[in-house]
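This report refers to the structure that appears directly beneath it.
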Amino acid sequence: MDFGMIARVMNHWLGGTYRSTKADLDFAQQVELVAPHIPYLVRAQRAMLGRMVRYLVSQGIRQFLDLGSGVPTRGNVHEVARGAAPDSRVVYVDREPEIAADGRDLVAGDDQVAYLCVDFRCPADVLDAPETRRLIDFGRPVALLFIESLTLLPDTDDPYGLVAAYSDALTSGSYVGVSQANSTRALESALALSQRMFNLAPPSVFLRDRERQAEFFTGLELVEPGITPVQLWKPEPGTKIDHNAELGGMFVGLGRKP
Ligand SMILES: C[S@@+](CC[C@H](N)C(=O)[O-])C[C@H]1O[C@@H](n2cnc3c(N)ncnc32)[C@H](O)[C@@H]1O
């Protein structure tokens with residue numbers, strides 16, 4: 001299974017407009033059979049992203065670097081940020097050519113947004129890209145977002161060193177958001193079940209517990225409420241709360257560079 005399929009299936013669950021292939025929809029159906037809670041988690045994560053972007057705007061952030069952006073779908077960073085602050089600028093990054101091509105279509109004609117087709121494991125390719133330099137002023141605070149993209153990166157790719165390398169390029173008052181799938185009984189049994197039922201090779205996801213996720217924020221100040229299930233990250237007042245949100249295993253944190 002390729003990264004593009006993961007992103008397209010997420011888009012399907014989010015009700016996005018991207019064209020899903022039959023293979024994508026078959027895969028989505030298989031996941032729904034073995035792990036019916038996953039579409040709920042994907043939607044909860046997208047809702048959290050909206051809240052996080054609005055929070056960042058409220059803290060004065062107007063520049064966003066979204067690493068591993070996925071398929072352009074509903075509630076994109078630029079839509080939320082610009083809804084809150086029209087002068088916001090966003091650079092999206094994904095290494096999948098098809099995803100990036102659709103992303104470019106989505107933002108075509110918008111000179112405050114760019115979609116790069118780049119592998120974010122090489123920070124210089126992202127940070128020194130002409131589009132990045134045009135849109136992002138690194139002398140001012142930036143929000144760096146890794147939303148469920150480091151879950152696809154093995155430790156051998158040194159995701160911790162990577163986050164640190166990006167953080168080093170940012171000025172004081174910048175933020176780094178990282179969401180990460182943790183190992184849960186539900187997820188482990190879903191992976192085992194999908195192998196038994198569909199003979200599927202296990203997807204290349206790299207689950208990390210909360211302690212390991214905390215290492216991404218080394219040298220940063222964790223914003224309240226710390227690393228929490230995505231459903232519980234600054235929920236809107238009056239939202240119906242998921243009382244066992246940690247069982248879903250999708251956690252997020254936001255760090256501020258002092
Ligand atoms: C699970 S999707 C998440 C998409 C989006 N952030 C969201 O929250 O809906 C992860 C995305 O990260 C991209 N990705 C993974 N590794 C990458 C890398 N090394 N460089 C650029 N993109 C990468 C994949 O292609 C995929 O589209």
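For ligands, and for the atoms within them, numbers begin at 1 and follow the listed sequence. Computed from a predicted structure; not experimentally measured. Note: hydrogens, waters and symmetry copies are ignored here, and every other heavy atom, side chains too, is used.
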Just jot down the ligand 1 atoms closer than 4.0 angstrom to any heavy atom of [X], in number order.
X      : answer
Glu96  : 25 (O)
Ile99  : 27 (O)
Arg121 : 19 (N)
Val118 : 20 (N), 21 (C)
Glu148 : 1 (C), 10 (C)
Gly70  : 4 (C), 27 (O)

Under 4.0 Å, heavy atoms only, figure out whether ligand 1 is touched by the backbone of Ser179, its side chain, both or neither.
-> neither

Using a 4.0 Å heavy-atom cut-off, say whether Leu14 meets ligand 1 through its side chain, its backbone, both or neither.
-> neither

Arg54 versus Glu236: any side-chain heavy-atom pair under 4.5 Å?
-> yes

Side-chain contact test, heavy atoms from C-beta onward, threshold under 4.5 Å: evaluate it for Val77 versus Leu145 and give yes or no.
-> yes

Closer than 4.0 angstrom: is that true for some heavy atom of Val42 and an atom of ligand 1?
-> no

Audit row: Leu254, Leu222, side-chain contact (heavy atoms from CB on, under 4.5 Å) steps and yes/no = CA-CA 6 Å; Leu254 181 69; Leu222 261 180; 5.9 Å; no

N/O of [X] under 3.5 Å from N/O of ligand 1, yes or no?
X      : value
Arg46  : yes
Ser149 : no
Leu49  : no
Asp66  : no

The one among [options] that brings a heavy atom closest to [atom]:
atom                    : options                : result
atom 6 (N) of ligand 1  : Ala7, Pro159, Gly68    : Gly68
atom 5 (C) of ligand 1  : Cys117, Pro97, Ser69   : Ser69
atom 19 (N) of ligand 1 : Asp119, Val205, Leu150 : Asp119

Any idea which protein heavy atom is nearest [atom], and the distance to it?
atom                    : value
atom 2 (S) of ligand 1  : Met10 SD, 3.8 Å
atom 10 (C) of ligand 1 : Leu152 CD1, 3.7 Å
atom 22 (N) of ligand 1 : Arg95 N, 3.2 Å
atom 3 (C) of ligand 1  : Ile147 O, 3.5 Å
atom 16 (N) of ligand 1 : Phe3 CE1, 3.6 Å
atom 26 (C) of ligand 1 : Asp94 OD2, 3.4 Å
atom 23 (C) of ligand 1 : Phe120 CE2, 3.5 Å

Quick one: do Tyr40 and Asp242 satisfy side chain to side chain donor-acceptor pair (under 3.5 Å)? Show the steps, please.
-> CA-CA 11 Å; Tyr40 156 71; Asp242 177 343; 2.6 Å; yes

Look at Arg134 together with Asp111 and state whether they make a salt bridge at an N to O cut-off of under 4.0 Å.
-> no

Evaluate the side chain to side chain donor-acceptor pair (under 3.5 Å) criterion for residues Ser88 and Gln63: first the C-alpha distance (whole Å), next the side-chain angles of each, then the deciding distance (0.1 Å), finally the verdict.
-> CA-CA 6 Å; Ser88 299; Gln63 314 189 94; over 6 Å; no

Any side-chain donor near an acceptor of the partner, Arg208 and Gln213, under 3.5 Å = no

For the residue pair Tyr55 and Trp233, does the interplanar ring angle fall in the parallel (under 30°), tilted (30 to 60°) or perpendicular (over 60°) class?
-> perpendicular

Could you pull out the closest heavy-atom pair between Cys117 and Arg95, with the gap in Å?
-> SG-O, 3.8 Å

Per side-chain contact (heavy atoms from CB on, under 4.5 Å), Val42 is matched among Leu14, Val31, Val230 by Leu14

Side chain to side chain donor-acceptor pair (under 3.5 Å) assessment of Gln112 paired with Arg89 | CA-CA 5 Å; Gln112 287 173 233; Arg89 293 180 302 284; over 6 Å; no

Kindly indicate, with the supporting measurements, whether the criterion side-chain contact (heavy atoms from CB on, under 4.5 Å) is fulfilled by Leu67 and Leu150.
-> CA-CA 9 Å; Leu67 300 172; Leu150 296 177; over 6 Å; no

Stepwise side chain to side chain donor-acceptor pair (under 3.5 Å) check, Glu215 with Thr218 | CA-CA 5 Å; Glu215 290 175 37; Thr218 303; over 6 Å; no

Do Asp158 side-chain atoms and Gly161 backbone N/O form a donor-acceptor pair below 3.5 Å?
-> yes

